[in-house]
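Inspection log for the structure reproduced underneath, given as structure tokens.
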Amino acid sequence: MWNDLKQRADAARENSILELCQQDSRFEDFSIKHGDLLFDYSKTHLKAADLDMLVDMAKDVPTRRSAMFSGEKINETEGRAVLHTALRNLDGGAVKVDGDDVMPEITATLKRMQQFADDVRSGVFKGQGGAITDVVNIGIGGSDLGPAMATLALAPYHNGPRTHFISNVDGADAADKLALLNPETTLVIVASKTFTTIETMTNATTVRKWMETVVRDPGAQFVAVSTATEKTAAFGIPSERVFGFEDWVGGRYSMWGPIGLSLMLAVGLDAFEEFLRGAQDMDVHFETADLAKNMPVMLALIGLWHHQGMGFPTRAVLPYDQRLSRLPAYLQQLEMESNGKSVAMDGSAVETVTGPVVWGEPGTNGQHAFYQLIHQGRTVVPCEFIVAAQGHEEHLTEHHTLLLANCLAQSEALMTGRSMDVARGLMAAKGFEGAELERQAAHRVFEGNKPSTTLIYPKLTPFVLGQLIALYEHRVFVEGVILGINSYDQWGVELGKELAVSLTPVVEGNQSADNKDSSTRGLVEYVHSLRG
Ligand code: F6P
């Protein structure tokens with residue numbers, strides 16, 4: 001399969017994207033509209049016959065998809081079901097794990113979250129100094145990136161307490177954020193699936209100490225969100241303020257449940273429910289649409305075409321939406337922690353490269369930073385543009401028009417490029433001649449024929465954000481199924497964590513570095529000389 005893909009993709013390099021897009025039906029044939037989202041993949045090298053082959057690669061997806069939605073233990077290395085979809089199964093039926101319907105528990109927890117959020121937002125729940133003005137979410141990875149990304153994305157819907165996120169074990173993170181806050185009116189959410197993550201537990205202890213200096217009963221202003229409810233009790237958070245979830249919700253897939261509490265506090269119950277409904281809508285589309293018209297499936301296949309087929313090592317996620325500025329970081333975890341693997345589900349080596357490097361920044365800022373390389377560098381970077389037809393700022397529509405024009409201009413420029421002849425004409429018009437004209441013109445050539453896709457939605461509402469994030473989740477699933485890997489474990493983060501534990505006493509100076517290699521020993525000694 002991978003050799004066929006490579007051969008076909010190699011041959012497709014000769015296809016002119018511009019010529020393909022000069023056919024009138026190109027846009028219609030190479031885009032998918034579902035609900036509020038339009039996914040355009042017309043500006044790629046793909047031809048109809050390539051699409052047939054790609055769709056054929058996804059033939060096992062329906063079986064694995066049913067297995068996921070029905071609660072089978074598809075996370076085989078951890079023996080767990082993968083059921084983040086159940087968290088947004090608002091109108092659906094029973095979902096069974098080991099024969100038990102998990103929906104009553106999910107619904108009960110959602111109701112508790114709603115009641116608590118309502119109490120905080122209405123001022124019924126108070127801190128020592130009165131109504132809660134600020135919420136601090138302490139978490140990292142999946143217990144931070146999702147709610148932080150979504151809270152920023154939905155800024156126009158904020159009508160609750162201000163929300164802050166502390167994640168890094170670097171004390172600067174906690175210090176800078178706490179400096180803005182009044183402990184007497186701050187609510188702290190300790191968000192950790194395992195409740196053992198060193199960064200989160202260190203930050204939680206620091207924040208509790210900060211609160212203790214002023215607040216008589218700091219535990220009363222702490223909430224825990226975790227699967228490890230016995231550990232939350234040991235930390236001193238009473239069960240009425242613990243919101244639990246099950247181990248079949250992966251950390252990076254968890255913001256739809258209790259990990260989303262900070263988002264719910266910021267935007268309120270209705271907007272949070274709309275967010276879930278958007279995701280549920282994408283789940284239904286993913287479960288029911290034909291593979292060739294299925295947005296997550298096609299987004300995944302285009303990803304495989306570019307990375308495994310054409311060999312492009314990275315993909316750029318370029319939201320022309322300032323409020324999606326944390327989306328690339330969120331997707332880095334979602335995609336790279338899920339599909340950055342080398343071993344297939346059965347323990348054998350995967351035959352191909354797996355997940356690409358994912359990176360990005362919002363447009364138009366990126367245009368003034370790294371787009372130079374995208375347009376004229378030697379590395380081809382497939383670009384995934386994301387943009388709303390309308391902004392929330394009705395008094396600033398001219399900004400949004402410029403934003404849209406820039407977004408569309410970039411995908412057009414990547415496709416069209418600029419030939420040497422055109423560059424010569426431009427330089428001749430400026431008065432250059434002879435060898436200098438040739439030299440100047442060469443710098444102004446754009447190779448073009450560079451692929452991109454574009455996702456467009458009407459406006460960044462909670463519903464649309466839910467659709468968008470569920471779209472990416474299912475893309476990861478489809479890519480993982482075709483690669484034959486387990487997208488739901490993350491053993492690759494363990495070794496560094498273990499070594500950090502063993503290095504802590506060495507850095508403290510309480511243990512010798514003698515059993516370390518020369519490089520690590522040298523670095524430790526140099527650090528010691530600087531720390532005194
Ligand atoms: O280190 C990786 C990881 O396990 C992620 O998968 C997870 O999202 C993050 O750490 C945080 O874990 P927890 O929610 O258990 O604190």
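Positions are given from 1, in the same order as the sequence printed here. One-based numbering, in listed order, for ligands and for the atoms of each. Because the structure is a prediction, the values reported are computed rather than measured.
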Protein residue, atom and distance nearest to [atom], heavy-atom basis:
| atom | answer |
| --- | --- |
| atom 10 (O) of ligand 1 | K497 NZ, 4.3 Å |
| atom 15 (O) of ligand 1 | T194 OG1, 2.6 Å |
| atom 12 (O) of ligand 1 | T197 OG1, 3.5 Å |
| atom 9 (C) of ligand 1 | I140 O, 3.6 Å |
| atom 5 (C) of ligand 1 | E337 OE1, 3.4 Å |

Identified salt bridge (Lys or Arg N to Asp or Glu O under 4.0 Å) partner of E335 from the options K341, R252, R475: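 Answer after filtering K341, R252, R475: R475.
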What I want to know is whether G141 and ligand 1 share at least one N or O pair that is separated by under 3.5 angstrom.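 Such a contact does not occur with ligand 1.
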Criterion side-chain hydrogen bond (donor to acceptor under 3.5 Å, both in side chains) on T77 and D489, from CA distance to verdict: CA-CA 7 Å; T77 57; D489 60 14; 2.6 Å; yes
In this structure, are over 12 heavy atoms from other groups packed under 6.0 Å from K96 atom NZ?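 It does not: K96 NZ has 12 such atoms or fewer within range.
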If we ignore angles and hydrogens, is there a donor and acceptor under 3.5 Å between the side chains of N203 and E199?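 Their side chains do not contain a donor-acceptor pair, so the 3.5 Å distance test is not met.
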Check whether the side chains of N486 and E76 place a donor and an acceptor atom closer than 3.5 Å, and report yes or no.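 No donor-acceptor contact under 3.5 Å links the two side chains.
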Quick check on contacts: which atoms of ligand 1 are under 4.0 angstrom from a heavy atom of [X]?
| X | value |
| --- | --- |
| Q333 | 5 (C), 6 (O), 7 (C), 8 (O) |
| S143 | 13 (P), 14 (O) |
| Q490 | 6 (O) |

Just heavy atoms, cut-off under 4.0 Å: does K193 contact ligand 1 by side chain, backbone, both, or neither?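 Near ligand 1, K193 shows its backbone as well as its side chain.
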Is the ring centre of Y330 less than 6.0 Å from the ring centre of Y472?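 They do not qualify: ring centres at least 6.0 Å apart.
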So between G142, G139, G251, whose heavy atom ends up nearest atom 8 (O) of ligand 1?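 Looking at heavy atoms only, the winner is G142.
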If you define the side chain from C-beta out and look only at heavy atoms, does anything of R65 sit under 4.5 Å from H474?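 The answer is no, as the side chains (C-beta and beyond) never meet within the 4.5 Å cut-off.
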Just by modelled atom types, is the P183 backbone N or O under 3.5 Å from a matching donor or acceptor in the Q221 side chain?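 Indeed, once roles are kept as given, a pair shorter than 3.5 Å links the two residues.
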